[in-house]
Amino acid sequence: MQETKDRPYLIVGLGNPGDRFRDTRHNIGFACVDLLAKRWGIAVNDRRRTTVLGQGYRNGAPVVLAKPRTFMNLSGESVAYLMARFGSRPAELIIVYDEMALPLGRLRLRTQGSDAGHNGIKDIIRTLHTTAFPRLRIGIGPPDGGSGSVNHVLGRFSPEEQPDAEACVIRAADALECFLTDGISIAMNRFNTDPQPPSTNPVTPGSPAVPKPPEPDASGA
């Protein structure tokens with residue numbers, strides 16, 4: 001996917017606008033877009049009625065990074081504006097969003113699919129009249145026994161979860177870079193797997209392996 005193209009790839013991270021929702025689980029798509037903007041030197045500061053966006057290039061191809069200014073259940077308005085403005089096709093759109101059905105730290109990149117109960121995706125499908133657009137789901141884990149799904153997604157990561165959440169955002173950004181460079185099939189093969197934490201017990205030649213204790217489950221599952 002190195003060839004020059006006129007229509008940009010649209011990378012849209014879902015979330016809710018405003019300080020009240022900053023850094024909540026539901027806004028992890030915003031966090032991924034913010035990280036890509038920092039990596040690629042793109043200023044996401046072009047404020048329109050339904051979205052804030054920035055334009056740039058990645059590997060010679062034009063890209064748009066965007067965060068809707070609508071609330072989550074009206075995300076389709078923002079995506080429709082972007083596709084009309086830039087003329088991009090559904091295959092050139094990738095939506096980044098939170099997923100309770102995945103443990104914290106897991107990613108799922110897909111070429112298409114249903115909304116699976118996610119209100120932002122439901123509105124995008126309703127607006128575009130298609131399910132055939134790529135999406136990257138970022139696992140935030142299910143709610144624990146004491147909180148409902150709304151409180152869970154609108155809450156913030158605990159101090160114990162925060163390192164895994166930050167690592168997951170980094171890995172999601174890596175997956176999107178792979179998508180743009182190598183295509184979605186390679187990106188799916190590479191990133192739709194359990195993340196492998198770095199070993200804290202490196203083995204030198206000739207020395208016995210030291211068993212590593214199990215990692216704590218920060219997903220709440």
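All residue numbers refer to positions in the sequence shown, counting from 1. Quantities reported herein were computed from a predicted structural model and do not represent experimental measurements.
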**Q** Any cation-pi pair here, R135 with F133, using under 6.0 Å and within 45°?
**A**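 Satisfied, under 6.0 Å and within 45°.
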**Q** Got a salt bridge between D123 and R126, using NZ or NE/NH1/NH2 to carboxylate O under 4.0 Å?
**A**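 Salt bridge flag = yes for R126 with D123.
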**Q** I'd like to know if the side chain of N27 reaches the main chain of F21, judged simply by a donor and an acceptor atom lying under 3.5 Å from each other, with no hydrogens or angles considered.
**A**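 Yes.
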**Q** If the condition is salt bridge (Lys or Arg N to Asp or Glu O under 4.0 Å), which residues does E177 pass it with, not counting sequence neighbours?
**A**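 So E177 forms a salt bridge (Lys or Arg N to Asp or Glu O under 4.0 Å) with R39, R58.
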**Q** Side-chain contact test, heavy atoms from C-beta onward, threshold under 4.5 Å: evaluate it for I95 versus I124 and give yes or no.
**A**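 Yes. Closest side-chain heavy atoms under 4.5 Å.
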**Q** Ignoring hydrogens and angles, write down the donor-acceptor pairs under 3.5 Å from the side chains of residues 65-75, residues two or more places apart or on other chains.
**A**
{"unit_1": "K67", "atom_1": "NZ", "unit_2": "D34", "atom_2": "OD1", "d": "2.8"}
{"unit_1": "R69", "atom_1": "NH1", "unit_2": "R48", "atom_2": "O", "d": "2.8"}
{"unit_1": "T70", "atom_1": "OG1", "unit_2": "L74", "atom_2": "O", "d": "3.1"}
{"unit_1": "S75", "atom_1": "OG", "unit_2": "M72", "atom_2": "O", "d": "2.6"}

**Q** Going from SG on C32 to CG on L176, what distance comes out if it is rounded to the nearest 0.5 angstrom?
**A**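 Output value for this atom pair is 5.0 Å.
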**Q** Could you walk me through whether F30 and D23 satisfy the side chain to side chain contact (heavy atoms under 4.5 Å, CB included) test, starting with their C-alpha distance in whole Å, then the side-chain angles of each, then the deciding distance to 0.1 Å, before giving a yes or no?
**A** CA-CA 9 Å; F30 279 12; D23 299 326; over 6 Å; no
**Q** Indicate if L14 and V44 have the same hydrophobic cluster label, given that clusters are the connected sets of ILVMFWY residues with side-chain heavy-atom separations under 4.5 angstrom.
**A**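 In one cluster with L14: V44, no.
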**Q** Tell me if a side-chain donor or acceptor on T127 pairs with a main-chain N or O of A80 at a distance below 3.5 Å.
**A**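 Side chain of T127 to backbone of A80: no pair is present.
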**Q** Quick one, H152 with I140, criterion side chain to side chain contact (heavy atoms under 4.5 Å, CB included). Give me CA distance, side-chain angles, the key distance, then yes/no.
**A** CA-CA 9 Å; H152 181 63; I140 62 170; 4.2 Å; yes
**Q** Can you tell me how far CZ of F86 sits from CG of D6, rounded to the nearest 0.5 angstrom?
**A**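 Between D6 CG and F86 CZ, I get 13.5 Å after rounding to 0.5 Å.
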**Q** Counting only pairs under 3.5 Å, give me each side-chain donor-acceptor contact of residues 101-110, with atom names and distances, residues two or more places apart or in other chains.
**A**
{"unit_1": "R106", "atom_1": "NE", "unit_2": "D194", "atom_2": "OD1", "d": "2.8"}
{"unit_1": "R106", "atom_1": "NH1", "unit_2": "D194", "atom_2": "OD1", "d": "2.6"}
{"unit_1": "R106", "atom_1": "NH2", "unit_2": "D194", "atom_2": "OD1", "d": "3.4"}

**Q** How close do A61 and Y9 get, heavy atom to heavy atom, and via which atoms?
**A**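 Minimum heavy-atom separation between A61 and Y9: CB-CE1, 4.1 Å.
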**Q** Measure the CG-CD distance between D46 and Q55 for me, rounded to the nearest 0.5 Å.
**A**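 Taking CG in D46 and CD in Q55, the distance rounds to 7.0 Å.
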**Q** Does a side-chain heavy-atom distance below 4.5 Å link P8 with V63?
**A**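 Result no, sub-4.5 Å side-chain heavy-atom pair not found.
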**Q** Once you round to the nearest 0.5 Å, how far does OG1 of T131 lie from NZ of K122?
**A**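 Spacing of OG1 (T131) from NZ (K122) equals 14.5 Å.
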**Q** Taking side chain as C-beta onward, heavy atoms only, is P90 less than 4.5 Å from Q112?
**A**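 In short, these two side chains do not touch, never coming nearer than 4.5 Å.
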**Q** Let me confirm one number: the CE-CG distance from M100 to D98, rounded to the nearest 0.5 Å.
**A**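 One finds 8.0 Å between CE of M100 and CG of D98.
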**Q** Under 6.0 Å between ring centres: does that hold for Y97 and H118?
**A**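 They qualify: ring centres under 6.0 Å apart.
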**Q** If Ile, Leu, Val, Met, Phe, Trp and Tyr residues are connected whenever their side-chain heavy atoms lie under 4.5 Å apart, and connections chain through other members, are I42 and L10 in the same group?
**A**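 In one cluster: no.
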**Q** Between R25 and E161, is any pair of side-chain heavy atoms under 4.5 Å apart?
**A**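 Heavy-atom side-chain distance check passes, below 4.5 Å.
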**Q** If you compare all heavy atoms of G148 against all heavy atoms of P143, which two are closest, and at what distance to 0.1 Å?
**A**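 Of all heavy-atom pairs spanning G148 and P143, the closest is O-CB, 3.9 Å.
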**Q** Is there a side-chain contact between P134 and L136 (heavy atoms, below 4.5 Å)?
**A**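 Counting from C-beta outward, P134 and L136 never come under 4.5 Å.
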**Q** State, with a plain yes or no, whether a side-chain heavy atom of L93 is found less than 4.5 Å away from one of V79.
**A**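 The answer is yes; the side chains approach within 4.5 Å.
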**Q** I'd like to know if V12 and L180 are part of one continuous hydrophobic network [Ile/Leu/Val/Met/Phe/Trp/Tyr, side-chain heavy atoms within less than 4.5 Å].
**A**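 Unlinked, L180 and V12 end up in two clusters.
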**Q** Measure the spacing between CG of N151 and CG of L154 and express it to the nearest 0.5 Å.
**A**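 CG of L154 is found 7.5 Å from CG of N151.
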**Q** E99 and I138: side chain to side chain contact (heavy atoms under 4.5 Å, CB included), yes or no, with the steps?
**A** CA-CA 6 Å; E99 177 56 79; I138 303 178; over 6 Å; no
**Q** Could you check whether any side-chain N or O of E92 sits under 3.5 Å from a backbone N or O of R89, counting only pairs where one atom can act as donor and the other as acceptor?
**A**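 Yes: the side chain of E92 pairs with the backbone of R89.
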**Q** Does any N or O in the side chain of R156 come within less than 3.5 Å of the main-chain N or O of R22, such that one atom is a donor and the other an acceptor?
**A**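 Looks like yes, one N/O pair under 3.5 Å.
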**Q** Starting from I121, can I reach V150 by hopping between I/L/V/M/F/W/Y residues whose side chains sit under 4.5 Å apart?
**A**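 They do not share one cluster, since no chain of ILVMFWY contacts under 4.5 Å joins V150 to I121.
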**Q** Of all the heavy-atom pairs spanning L53 and T51, show the shortest one and how long it is.
**A**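 Shortest heavy-atom separation between L53 and T51 comes out as CD2-CG2, 3.7 Å.
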**Q** Donor-acceptor check, side chain of T130 to backbone of A132, threshold 3.5 angstrom: yes or no?
**A**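 Yes; at least one donor-acceptor contact below 3.5 Å.
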**Q** Looking at every heavy atom in both I186 and C178, which two are closest together, and how far apart are they?
**A**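 Result for this residue pair: CG2-SG, 4.1 Å.
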**Q** I170 and L36: same hydrophobic cluster, using ILVMFWY side-chain contacts below 4.5 Å?
**A**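 Cluster IDs for I170 and L36 match.
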